[in-house]
Amino acid sequence: MYKKGFTSQHNEILETDLPVQGKIPKWLNGNLFRNGPGKFEYPGQKLVHWFDGPAMINRFSFKNGKMSYQNRFVRTEIFKKSFAEQKMSAVEFGTDPRPMWKKLTPPKMSDNVNVNFLKINDDLLTITGGMSTFRIDPDNLETKEQYDFGDNMGSDLQMTGHTPHPSLDTNTGDVFNIGNNMMKNEYIFYKISKGARKREVIARVKTKQLSDIHSFSTTENYMIYIEIPWFLNKSKLIMGGSYLGALEWKPEKGTNFIFVHKKTGVVQTVHMDKAIHFGHTANAFEKDGKVIIDMPFFNRSNINDMKVDYVLEHGQTTKGYDSFSRFTIDLETEHISIEKISDRFIELETIYYKKYNEKEYQYVYGPSQLDDSQFFDRLIKIDVVNKTEKEWYEVDTFPSETIFVPKPDATSEDDGVLLTVFLDGKSKRSFMHIMDAQSFTELARIYLPQHIPFGFHGQFYQL
Ligand SMILES: [Fe+2]
């Protein structure tokens with residue numbers, strides 16, 4: 001039943017009067033933007049990986065107890081060309097549509113932007129792991145121009161990619177991110193100061209072989225890139241094939257925690273023999289002179305399991321999943337300890353980000369599943385202090401990432417609601433699910449007239 005989430009959605013709609021089951025809190029006023037692939041194939045051509053489809057933006061607007069919905073593809077140059085020709089015309093993360101003879105030349109990378117959003121000043125931007133960044137009109141979801149950061153960091157000589165998970169310093173309002181340069185084998189740690197657009201380089205760190213960059217952590221003083229042993233074989237990339245096909249899992253290399261001081265740019269690398277693979281870190285902070293990073297992790301690389309054909313045949317697997325754990329790093333002794341918080345599978349996990357990112361915190365939320373589930377089929381809330389969990393489950397419904405929105409007068413960390421898009425496997429439509437985050441019970445659901453393909457990340461902006 002989850003398979004509907006891996007089928008294309010070509011309808012672009014604006015629905016303003018959607019029936020509400022239950023009650024949307026009157027205080028909930030704002031827009032939830034969600035990003036993800038809208039399409040999985042062209043005539044005679046299937047996209048290989050979940051990460052490959054052209055970006056479709058979904059906006060859920062909440063006002064006075066009501067919700068409206070709009071969705072729209074992002075009109076990138078590649079999207080326009082591919083739609084006009086009805087075939088893929090650039091290399092995506094896992095799909096290289098070029099004939100063999102053409103694969104001997106460096107590929108034209110896609111300008112697809114299907115992962116996340118970033119707001120810089122009043123500009124809403126769609127972002128991805130590549131350098132492409134489009135500005136979107138938040139009112140009608142029209143695609144505007146490629147965003148101009150007002151610097152030269154977009155040139156291939158400077159940076160060839162960066163994470164689609166910039167990190168907000170909740171004290172200063174500065175935004176931090178990590179990029180890489182494939183030609184120079186270096187990671188680039190940079191920031192965008194509050195109110196600015198320009199990316200300022202804090203440090204460049206050389207490495208023997210680049211690892212994939214998808215997310216990273218920040219604390220009050222540090223940016224921390226976790227270099228997992230999933231390395232990019234550049235000759236494979238140059239000789240043809242997708243980015244995914246050029247990544248090699250080398251567990252014997254262990255894991256490097258690369259710390260860069262936000263202010264001084266001083267670099268310290270702490271090595272761990274254990275090889276881990278992860279998608280996202282939940283949170284990180286400093287305590288008693290140590291750095292703490294919480295995250296779910298695998299003992300193997302699982303990204304090939306997210307190829308569309310594989311997921312449709314076998315479901316989403318938890319094989320090799322270890323746990324949601326706390327990594328405590330002592331920068332004096334360079335000792336790393338790992339303490340299990342929960343055995344439960346969790347991915348795309350989120351926190352009350354705007355207040356607790358980089359701070360000691362208590363709650364993590366996210367989609368989960370059991371080892372024999374076929375896909376995410378429940379939401380969980382992990383209490384990282386007491387090491388307990390709560391769960392919300394309804395048969396044949398499949399959640400995506402959930403976003404916490406605090407009450408305006410919130411008195412505790414979980415005093416607010418969780419907004420989640422679920423796919424209803426029976427009706428083959430998606431619905432917006434609103435939960436009370438504290439009691440972990442449903443407050444309302446609003447069915448859409450159609451389904452939304454399984455997406456990745458979203459951001460809520462208060463009105
Ligand atoms: Fe992500």
Check the pair F33 / F60 against ring-ring contact (aromatic ring centres under 6.0 Å, His included), numbers first and verdict last. CA-CA 7 Å; F33 295 92; F60 305 85; 9.5 Å; no
Report the C-alpha separation of T318 and D371 in whole Å, then their side-chain angles, then the decisive distance to 0.1 Å, and conclude whether the side-chain hydrogen bond (donor to acceptor under 3.5 Å, both in side chains) test is met. CA-CA 6 Å; T318 58; D371 288 343; 2.7 Å; yes
For [X] and [Y], which I'm curious about, is there any donor-acceptor pair between the side chains at under 3.5 Å?
| X | Y | result |
| --- | --- | --- |
| E349 | H280 | no |
| Q158 | R204 | yes |
| Y69 | N58 | yes |
| S242 | T95 | no |
| K274 | N299 | yes |
| S215 | T163 | no |
| H271 | N256 | yes |
| W230 | S211 | no |
| N233 | E248 | yes |
| D212 | Y243 | yes |
| S323 | D343 | no |
| E15 | S68 | no |
| K250 | Q209 | yes |
| S8 | E41 | yes |
| N180 | Y187 | no |
| E92 | S110 | yes |

Between [Y] and [X], is the closest basic N to carboxylate O distance under 4.0 Å?
| X | Y | value |
| --- | --- | --- |
| D309 | K46 | yes |
| K81 | E85 | yes |
| K194 | D174 | no |
| K198 | D151 | no |
| E142 | K144 | yes |
| E391 | R344 | yes |
| R429 | D424 | no |

If we ignore hydrogens and angles and just use 3.5 Å, is the side chain of [X] paired with the main-chain N or O of [Y] as donor and acceptor?
| X | Y | result |
| --- | --- | --- |
| S217 | A284 | no |
| R326 | I341 | no |
| N181 | M183 | yes |
| Y353 | L168 | yes |
| T281 | N283 | no |
| T402 | L418 | no |
| Q369 | Q316 | yes |
| K208 | N185 | no |
| E401 | T420 | no |
| N31 | Y461 | no |

Determine, step by step, whether F431 and Y447 satisfy the ring-ring contact (aromatic ring centres under 6.0 Å, His included) criterion, reporting the C-alpha distance in whole Å, the side-chain angles of both residues, the deciding distance to 0.1 Å, and the verdict. CA-CA 4 Å; F431 61 90; Y447 272 86; 4.9 Å; yes
What are the two closest non-hydrogen atoms of S61 and R59, and how far apart are they? OG-NE, 3.1 Å
Counting only heavy atoms not in [X], do more than 12 sit closer than 6.0 Å to its [atom1] atom?
| X | atom1 | result |
| --- | --- | --- |
| K87 | NZ | no |
| K184 | NZ | yes |
| K428 | NZ | yes |

Is the terminal nitrogen or CZ of [X] (NZ for Lys, CZ for Arg) located under 6.0 angstrom from the six-membered ring centre of [Y] and within 45° of that ring's axis?
| X | Y | result |
| --- | --- | --- |
| R197 | F149 | no |
| K39 | Y42 | yes |
| R135 | Y147 | no |
| K381 | Y363 | yes |

Between Y225 and F189, how do the two ring planes meet: parallel, tilted or perpendicular, split at 30° and 60°?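 Perpendicular.
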Report the C-alpha separation of F375 and F454 in whole Å, then their side-chain angles, then the decisive distance to 0.1 Å, and conclude whether the ring-ring contact (aromatic ring centres under 6.0 Å, His included) test is met. CA-CA 11 Å; F375 200 70; F454 290 128; 4.3 Å; yes
Taking C-beta and beyond as the side chain, do F398 and M1 meet within less than 4.5 Å on heavy atoms?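 The answer is yes; the side chains approach within 4.5 Å.
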Are W50 and F40 close enough, and set up right, to give a ring-ring contact (aromatic ring centres under 6.0 Å, His included), and what steps lead you there? CA-CA 8 Å; W50 185 6; F40 294 91; 8.6 Å; no
Before you tell me yes or no, could you show the steps for E394 and R445 under salt bridge (charged side-chain N to carboxylate O under 4.0 Å, His left out), namely the whole-Å CA-CA distance, both residues' side-chain angles and the distance that decides it to 0.1 Å? CA-CA 13 Å; E394 184 176 284; R445 69 172 68 184; 2.6 Å; yes
Can you list the residues that meet the side chain to side chain donor-acceptor pair (under 3.5 Å) rule with T7, with sequence neighbours excluded? H451
Stepwise, does the side-chain hydrogen bond (donor to acceptor under 3.5 Å, both in side chains) test hold for Q146 with S132? CA-CA 7 Å; Q146 277 274 5; S132 179; 3.0 Å; yes
If we check side-chain contact (heavy atoms from CB on, under 4.5 Å) with P54, which of these qualifies: L47, T76, I78?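 In the set L47, T76, I78, the residue that makes a side-chain contact (heavy atoms from CB on, under 4.5 Å) with P54 is L47.
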Check each of E347, R378, E389 against S368 using the side-chain contact (heavy atoms from CB on, under 4.5 Å) test, and report the only one that passes.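 Among E347, R378, E389, the one meeting side-chain contact (heavy atoms from CB on, under 4.5 Å) with S368 is R378.
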Under 3.5 Å, which donor-acceptor pairs do the side chains of residues 112-121 form with other protein atoms, sequence neighbours left out?
from : atom 1 : to   : atom 2 : distance (Å)
N112 : OD1    : A55  : N      : 2.9
N112 : ND2    : D52  : O      : 3.4
N112 : ND2    : G53  : O      : 2.8
N114 : ND2    : F51  : O      : 3.0
N114 : ND2    : G53  : O      : 2.8
N116 : OD1    : Q459 : NE2    : 3.2
N116 : ND2    : P164 : O      : 2.9

Before you tell me yes or no, could you show the steps for E227 and T207 under side-chain hydrogen bond (donor to acceptor under 3.5 Å, both in side chains), namely the whole-Å CA-CA distance, both residues' side-chain angles and the distance that decides it to 0.1 Å? CA-CA 10 Å; E227 188 184 47; T207 188; 2.8 Å; yes
